[in-house]
S.K.: 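Please find one structure pasted underneath; my questions will follow.
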Amino acid sequence: MSEAQFHGTPRPQDEPIEGSFAEHLDYLCANDPRGPLSNPQVVRMLEEQGLPSFSSTYMWQLRTGRADNPTKKHMDSLADLFAVPQDYWSNRGTATTVNSMIARLNDLKESGADPEQLHRQLKAFTKLMSRGVTPEVLNGQLETLIRLQEAGVNAATLKRLQDARVTDIAMRAVGLSDEGLTAAAAMIDQVRRLEGLPPES
């Protein structure tokens with residue numbers, strides 16, 4: 001199978017991902033909200049972010065299973081790039097949870113959400129997972145994100161959805177006019193200034 005075959009249409013997003021490192025890596029490349037990503041793109045992004053990198057040829061070998069012994073350094077580097085937990089490669093439960101989140105984020109992408117914002121949201125969810133937040137809570141937040149998107153809440157509001165308490169606040173904004181949402185955002189920014197925080201996190 002040629003390298004070019006790994007640059008095309010994403011797999012069905014509800015397809016279970018099991019087994020090899022190559023299958024996990026290919027799934028991430030094909031379904032990353034910023035993608036699909038080619039092998040050279042992944043290598044370039046690693047370099048741009050100052051993460052441990054390697055050649056496009058080695059990336060192709062990893063993605064096709066021709067090289068099946070990546071170093072921990074490279075596995076962690078790829079996990080950071082894709083904003084997934086570092087045990088994504090070896091823990092089926094983690095992979096299942098993350099793949100489900102990626103699929104739901106791609107639903108938002110199809111509705112017009114910004115791919116980079118969706119990547120940052122995945123990164124935020126990964127951080128919450130590292131703090132022990134359960135998959136059920138994370139999936140609930142994702143469903144809330146989708147409802148907010150459908151209700152017309154803009155990306156600036158979605159950006160604030162970092163935990164369940166903020167989600168509850170944002171849900172109260174559903175149905176407000178543009179003027180009302182602007183006023184609510186201004187009040188939030190004022191509280192952030194009072195607490196010594198920048199206007200947006």
S.K.: Of all the heavy-atom pairs spanning Asp76 and Lys72, show the shortest one and how long it is.
M.R.: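 Closest heavy-atom pair between Asp76 and Lys72: OD2-NZ, 2.6 Å.
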S.K.: Distance check, rounded to the nearest 0.5 Å: Trp60 atom CH2 versus Asn39 atom CG?
M.R.: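 It is 9.5 Å, given to the nearest 0.5 Å.
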S.K.: Please assess Tyr88 against Leu28 for the test side-chain contact (heavy atoms from CB on, under 4.5 Å), listing each intermediate value before the final yes or no.
M.R.: CA-CA 11 Å; Tyr88 173 85; Leu28 291 177; 3.6 Å; yes
S.K.: Using only heavy-atom distances, determine whether the side chains of Asp87 and Thr94 contain a donor-acceptor pair under 3.5 Å.
M.R.: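 Indeed, the side chains of Asp87 and Thr94 share at least one donor-acceptor pair under 3.5 Å.
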S.K.: Measure across Leu37 and Arg63 and return the closest heavy-atom pair with its distance rounded to 0.1 Å.
M.R.: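 In terms of heavy atoms, the two residues are closest at O-NH1, 3.1 Å.
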S.K.: Measure the shortest side-chain to side-chain distance between Met59 and Leu25 over non-hydrogen atoms and say whether it is less than 4.5 angstrom.
M.R.: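 Yes, at least one pair of side-chain atoms sits under 4.5 Å.
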S.K.: Has the side chain of Trp89 got a donor or acceptor atom that lies under 3.5 Å from a matching backbone atom of His24?
M.R.: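 Such a contact is absent between Trp89 side chain and His24 backbone.
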S.K.: Considering only heavy atoms from C-beta outward, does the side chain of Phe82 approach that of Val42 to under 4.5 Å?
M.R.: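 SC-SC contact between Phe82 and Val42 confirmed.
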S.K.: Just by modelled atom types, is the Leu122 backbone N or O under 3.5 Å from a matching donor or acceptor in the Thr126 side chain?
M.R.: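 Flag set: sc Thr126 to bb Leu122 pair under 3.5 Å.
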S.K.: Only counting residues at least two apart or in another chain, list the ones meeting side chain to side chain donor-acceptor pair (under 3.5 Å) with Asp68.
M.R.: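 By the side chain to side chain donor-acceptor pair (under 3.5 Å) rule, Asp68 matches no residue at all.
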S.K.: Do side-chain atoms of His119 reach the backbone of Pro115 as a donor and acceptor pair under 3.5 angstrom?
M.R.: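 No, the answer is negative, given that no donor and acceptor are paired below the 3.5 Å cut-off.
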S.K.: Would you find a donor on one side and an acceptor on the other, under 3.5 Å apart, between the side chain of Asn31 and the backbone of Ile102?
M.R.: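 No.
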S.K.: Do you know which two heavy atoms are closest between Ala22 and Leu62, and how far apart they sit?
M.R.: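 Scanning both residues, the minimum pair turns out to be CB-O, 3.2 Å.
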S.K.: If you measure from CG on Leu81 to CG on Leu46, what distance do you get to the nearest 0.5 Å?
M.R.: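 Reported to 0.5 Å precision, the distance equals 5.0 Å.
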S.K.: Testing the basics here: between Ser77 and Pro52, what is the closest heavy-atom pair and its distance to 0.1 Å?
M.R.: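 Looking at all heavy atoms of both residues, the closest pair is OG-O, 2.7 Å.
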S.K.: Return the orientation label for the His74 and Phe54 ring planes: parallel under 30°, perpendicular over 60°, tilted otherwise.
M.R.: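 Ring orientation of His74 relative to Phe54: perpendicular.
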S.K.: For the atom pair CZ (Phe125) and CZ (Arg104), what is the distance rounded to the nearest 0.5 Å?
M.R.: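 Those atoms lie 11.5 Å apart.
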S.K.: Quick one: closest heavy-atom pair of Ala30 and Pro36, and the distance?
M.R.: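 Smallest heavy-atom distance, with atoms named: O-CB, 3.6 Å.
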S.K.: About how many Å separate CG of Asp107 and NZ of Lys109, when rounded to the nearest 0.5 Å?
M.R.: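 The CG atom of Asp107 is 11.5 Å from NZ of Lys109, to the nearest 0.5 Å.
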S.K.: Once salt bridge (charged side-chain N to carboxylate O under 4.0 Å, His left out) is applied, what residue pairs with a partner in residues 125-136 remain, sequence neighbours excluded?
M.R.: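 Salt bridge (charged side-chain N to carboxylate O under 4.0 Å, His left out) check on residues 125-136 returns no pairs.
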S.K.: Just verifying a value: how many Å separate Gln61 CD and Asn69 CG, rounded to the nearest 0.5 Å?
M.R.: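 So the CD of Gln61 and the CG of Asn69 are separated by 10.0 Å.
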S.K.: Could you check whether any side-chain heavy atom of Asp80 comes within less than 4.5 Å of a side-chain heavy atom of Gln49, counting everything from C-beta outward?
M.R.: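 The answer is no, as the side chains (C-beta and beyond) never meet within the 4.5 Å cut-off.
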S.K.: At what distance, to the nearest 0.5 angstrom, does CG of Asn99 lie from CZ of Arg92?
M.R.: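 Atom-to-atom, Asn99:CG and Arg92:CZ are 12.0 Å apart.
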S.K.: Passes side-chain contact (heavy atoms from CB on, under 4.5 Å), Met129 versus Met101? Steps please.
M.R.: CA-CA 12 Å; Met129 288 179 67; Met101 290 193 293; 3.6 Å; yes
S.K.: Between Glu23 (side chain) and Ser20 (backbone), is there a donor-acceptor pair under 3.5 Å?
M.R.: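 Looks like yes, one N/O pair under 3.5 Å.
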S.K.: Taking only residues two or more places apart in sequence, or in another chain, which ones meet Gln86 in a side chain to side chain donor-acceptor pair (under 3.5 Å)?
M.R.: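 In terms of side chain to side chain donor-acceptor pair (under 3.5 Å), with neighbours along the sequence ignored, Gln86 is linked to no residue.
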S.K.: Donor-acceptor check, side chain of Gln121 to backbone of Leu118, threshold 3.5 angstrom: yes or no?
M.R.: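 Not at all, since once roles are kept as given, no pair shorter than 3.5 Å links the two residues.
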S.K.: Minimum heavy-atom separation for Ser56 and Pro40, please, with both atom names.
M.R.: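 In this case the closest contact between Ser56 and Pro40 is OG-CA, 3.5 Å.
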S.K.: Tell me, with the steps shown, if Phe21 and Met75 meet side-chain contact (heavy atoms from CB on, under 4.5 Å).
M.R.: CA-CA 9 Å; Phe21 176 84; Met75 293 171 71; 3.8 Å; yes
